[in-house]
Amino acid sequence: TTNQALPSIRRTGLQKQSRNHVHLSEDEETARQVGGRRGEPVILKILSGEMHRNGKTFLLTTNRVWLTESVPPRYILE
């Protein structure tokens, strides 16, 4: 995620765009490694436990990437 995308993310949350799911990392170090592939990463903390308690579904891949349909803005911290 780039700084340019933050205003849109604050309004609409994280959307899968052309992918099948939104991809989430388990920890900040992994998120920095993955996000750093395309420049300076912006790390967003997701209230995933709260999302799950509110009925959102998550899938875990074999390489420890969490997948979900979307992340509404109320579950995103900076």
Side-chain angles (χ1 to χ4, degrees):
T1 302
T2 65
N3 286 323
Q4 296 168 335
L6 283 175
S8 176
I9 291 169
R10 286 185 185 113
R11 283 191 311 278
T12 64
L14 292 171
Q15 306 299 319
K16 60 185 177 177
Q17 306 293 337
S18 63
R19 294 180 167 220
N20 292 322
H21 297 93
V22 172
H23 297 187
L24 304 173
S25 301
E26 284 189 338
D27 57 79
E28 189 172 331
E29 180 182 335
T30 302
R32 286 194 184 285
Q33 289 173 350
V34 172
R37 291 187 218 158
R38 299 180 189 245
E40 185 63 31
V42 174
I43 306 300
L44 303 172
K45 295 189 182 204
I46 307 301
L47 300 174
S48 55
E50 186 176 333
M51 284 179 62
H52 186 261
R53 285 188 295 279
N54 290 333
K56 299 289 183 185
T57 302
F58 291 87
L59 303 170
L60 180 60
T61 68
T62 55
N63 60 342
R64 310 292 302 168
V65 175
W66 288 92
L67 307 175
T68 191
E69 287 293 314
S70 66
V71 179
R74 71 176 184 248
Y75 298 111
I76 300 172
L77 301 176
E78 288 184 51

Q | Nearest heavy-atom neighbours spanning Lys16 and Val22 | A | N-CG2, 3.7 Å
Q.
Looking at every heavy atom in both Asp27 and Thr30, which two are closest together, and how far apart are they?
A. OD1-N, 2.8 Å
Q. Hey, what do you get for CZ (Arg32) to CD (Glu40), rounding to the nearest 0.5 Å?
A. 7.5 Å
Q. Which atom names give the shortest non-hydrogen contact between Arg74 and Leu47, and what distance separates them?
A. O-CD1, 4.0 Å
Q | Interatomic distance, Leu24 atom CG to Arg64 atom CZ [nearest 0.5 angstrom] | A | 13.0 Å
Q | Counterpart residues, side chain to side chain donor-acceptor pair (under 3.5 Å), relative to Thr12 (two or more places apart) | A | none
Q) Are Val65 and Val42 connected in a single hydrophobic cluster, I mean Ile/Leu/Val/Met/Phe/Trp/Tyr linked by side-chain heavy atoms less than 4.5 Å apart? A) no
**Q.** Interatomic distance, Ser48 atom OG to Met51 atom CE [nearest 0.5 angstrom]
**A.** 7.5 Å
Q | Taking every non-hydrogen atom, the tightest pair across Pro73 and Arg10 | A | CB-O, 3.4 Å
Q) What is the distance from atom OG1 of Thr61 to atom NE2 of His23, rounded to the nearest 0.5 Å? A) 8.0 Å
Q.
Looking at Thr57, is its backbone amide N or carbonyl O close enough to the side chain of Thr68 to form a donor-acceptor pair, meaning the two atoms are under 3.5 Å apart?
A. yes
(Q) Run the side chain to side chain contact (heavy atoms under 4.5 Å, CB included) test on Tyr75 and Asn54 for me, step by step, so that the C-alpha distance in whole Å, both residues' side-chain angles and the decisive distance to 0.1 Å come before the verdict. (A) CA-CA 11 Å; Tyr75 298 111; Asn54 290 333; 2.8 Å; yes
Q: Could you tell me which non-hydrogen atom of Pro41 sits nearest to which non-hydrogen atom of Gly35, and how far apart they are?
A: CB-C, 3.7 Å
Q. Angle class for the Phe58/His52 ring planes (parallel below 30°, perpendicular above 60°, tilted otherwise)?
A. tilted
Q) For the atom pair NZ (Lys45) and CD (Glu28), what is the distance rounded to the nearest 0.5 Å? A) 5.0 Å
Q. Asn20 and Leu67: side chain to side chain contact (heavy atoms under 4.5 Å, CB included), yes or no, with the steps?
A. CA-CA 9 Å; Asn20 292 322; Leu67 307 175; over 6 Å; no
Q: Kindly compute the distance separating CD1 (Ile76) from CG (Leu14), expressed to the nearest 0.5 Å.
A: 4.0 Å
Q: Flag yes if Ile43 and Ile9 sit in one hydrophobic cluster, no otherwise; membership is Ile, Leu, Val, Met, Phe, Trp, Tyr, and two members link when side-chain heavy atoms are under 4.5 Å apart.
A: no
Q) Are Val34 and Leu44 connected in the hydrophobic side-chain network, where two residues link if heavy atoms are under 4.5 Å apart? A) no
